[in-house]
Protein chains: 2
Amino acid sequence: MSSHSPNIPCALCSSRKFSLFSDLPEAQICAISDHKNLISHRRGQILYYEGTKPLGIFCINSGVVKIYKTASNGKEQIIHLAQKGDFLGYAALLGEENYSNSSMIIEDAKICFVPKEVFINSLLQNSEFFRRVAKSLSHEIGVMEEKLTNATQKSIRERLAYVLLQLGNSYGVEGGGNQRIDLTLSREEIAGIVGTATESVIRLLSEFKKDNLIELEGKKIIIKDRRGLARLSDFYA
Amino acid sequence: MSSHSPNIPCALCSSRKFSLFSDLPEAQICAISDHKNLISHRRGQILYYEGTKPLGIFCINSGVVKIYKTASNGKEQIIHLAQKGDFLGYAALLGEENYSNSSMIIEDAKICFVPKEVFINSLLQNSEFFRRVAKSLSHEIGVMEEKLTNATQKSIRERLAYVLLQLGNSYGVEGGGNQRIDLTLSREEIAGIVGTATESVIRLLSEFKKDNLIELEGKKIIIKDRRGLARLSDFYA
DNA sequence: TTAATTATATGATATTAGTCAGATATTTAA
DNA sequence: TTAAATATCTGACTAATATCATATAATTAA
């Protein structure tokens, strides 16, 4: 399923500029580069499972990964979609806990694995790097607070509209005045992001289409009216 | 409203053993001690508001503080109840962002304020301390993931049962085979923790009482049947 | 103490969203 | 290519929970 690719050095990595590694000094980049492992993954592959022990961190070079928890009712709550430049698993590592979530490739990906010791040593040798990692963790907490508040205080319609806008921001491709979400998600996965039933997503997408807010082309969603969605999402920005 | 108390040194602080400061070396304890400020707060007082700039961190010596976000519908989502030994505001500080939430005293409290520079210097001078803070941030992320998943995948009844069990764990006083939650929360605040309407909390509490799971004495809740609540919460532990 | 305010409680109703069932479309595997 | 499996869609129904209204109790202020 997964395959090792030519191990391009971090110094030449095209996604590094998007990542926490972006300003690391030469020496540390080399140390990490020497110990990392670039692996190609196909859609559907699991990167790690909730409850298992983290042995290092993952750094996404390309592709998209969903981070999710499986609820007691069997449904997936998607916490986050991670892409190019994002780090995965460093919270579990720094928290000295097992993974609190699972992760699965949803768009073919190339991902580097950096062993725990190498990553931790980099942090300890470079407090500026440590600060950036802490900053990222802290930011994540604020994001989660926002998600929790939306989940409890907003309707499914509002949340779906908001999710579409966010997907547009992260994966949108402009064209003909519209914005095409260039990411293949099943209705069930969209439901997992919103935190609702698959049928509800299907119904609401039909409704949004009828109201000329979006266009549907199979699994692809094209946003036609961002303002309209923003109004619906109760999120004016 | 608030008053300065005799500025007891951190070295003698009774709540330090519960906090991230617990294993700090003597020299740093003194540095912090020299710059901190112990202030007494009454129920209802605001410690800080969402959107404002953090100037330091708060360390709770005694009392209880609610950390919450105000949703666009005006309702409060309570993120967390903080007590003795808990740190507040360090995520915003390390995230170099304004506060992502507000905090209000709900049980008269004594709280130390440690200025930003003093706290950051301690982190940079002591990487073990920095690691503990990062560990705490990381743990918090896992907790928030769990809360989000519960919010989207569980019913209000399940969530209320679970919240009562948690309040019992944190503020419970055993007696007569029962567990009294020794914390005054309005029904509205409980609704804010669960993420529901006040009337729903009132109704469900009445139902739990009818089913002999709890006892109600004004605002105080006595848990009579932890197993029953655990079963109801769909959380078997 | 009394009045005013606020919190709690309960009923009635409306709305939202979940579940179940069946039809069609799409994807995958033989 | 065809069959099987899976995903999407739609309708009908149900259940959960929010909202609104009103009554009572508790708390606060005059």
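Just so we're on the same page: letters track the sequence lines, and every chain starts at 1.
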- Message: Angle between the end axes of the helix from C:dT1-D:dA30 to C:dA30-D:dT1, five pairs per end, to the nearest 10 degrees?
- Response: 50°

Show me the side-chain donor-acceptor pairs of residues 46-59 of chain A shorter than 3.5 Å, one per line, residues at least two apart or across chains.
| residue | atom | partner | partner atom | Å |
| --- | --- | --- | --- | --- |
| A:Y48 | OH | A:N101 | OD1 | 3.0 |
| A:E50 | OE2 | A:K69 | NZ | 3.2 |
| A:T52 | OG1 | A:Y49 | O | 2.6 |

- Rounded to the nearest Å, what distance is computed from the CZ atom of residue A:R187 to the C1' atom of nucleotide D:dA7? 9 Å

- Check the distance between D:dT10's C1' and A:K210's NZ and give it to me in whole angstrom. 14 Å

- Query: Taking atom C1' of D:dT8 as reference, at what distance in whole Å does atom NZ of A:K209 sit?
  - Reply: 12 Å

Side-chain donor/acceptor pairs under 3.5 Å, residues 74-82 of chain B, sequence neighbours excluded:
| residue | atom | partner | partner atom | Å |
| --- | --- | --- | --- | --- |
| B:E76 | OE1 | B:K66 | NZ | 3.1 |
| B:Q77 | OE1 | A:T152 | OG1 | 2.6 |
| B:Q77 | OE1 | A:Q153 | NE2 | 3.4 |
| B:Q77 | NE2 | B:G192 | O | 3.1 |
| B:Q77 | NE2 | B:I193 | O | 3.4 |

- May I ask you to verify if any side-chain N or O of A:S206 is less than 4.0 angstrom from the OP1 or OP2 atom of D:dT10? yes

- Note on the structure: A correct 5'-to-3' footprint of nucleotides 11-30 of chain C, with B, S and - meaning base, sugar-phosphate only and no protein heavy atom under 4.0 Å, is BB----SSBB----------

- Query: In whole Å, what is the span from the CD1 atom of B:I106 to the P atom of C:dA7?
  - Reply: 15 Å

- Task: Keeping to residues at least two apart or across chains, list the salt bridge (Lys or Arg N to Asp or Glu O under 4.0 Å) pairs with something in residues 215-227 of chain B.
- Result: B:R180-B:E217, B:E215-B:K224

- Message: Could you tell me how far apart A:I221 (CD1) and D:dT8 (P) are, to the nearest whole angstrom?
- Response: 10 Å

- Where do B:C13 and B:N61 land on the side-chain contact (heavy atoms from CB on, under 4.5 Å) test, with the steps shown first? CA-CA 8 Å; B:C13 173; B:N61 177 268; 3.3 Å; yes

- Query: What integer distance in Å separates A:L216:CG from D:dA7:C1'?
  - Reply: 14 Å

- Query: How close do B:A191 and B:V201 get, heavy atom to heavy atom, and via which atoms?
  - Reply: CA-CG2, 3.5 Å

- Would you call B:R42-B:D108 a salt bridge at under 4.0 Å N-O? yes

- Figure out the CD/P separation between B:E217 and C:dT8, and round it to whole Å. 15 Å

- D:dA7 P sits how many Å from A:K220 NZ, rounded? 16 Å

- Message: Show me the pairs that pass salt bridge (Lys or Arg N to Asp or Glu O under 4.0 Å) and involve residues 192-210 of chain A, at least two apart or across chains.
- Response: A:R157-A:E207

- For B:E174 and B:Q179, indicate whether the former's side chain and the latter's backbone hold a donor-acceptor pair under 3.5 Å. no

- Are any of the side-chain nitrogens in B:R159 or B:E146 under 4.0 Å away from the carboxylate oxygens of its partner? no

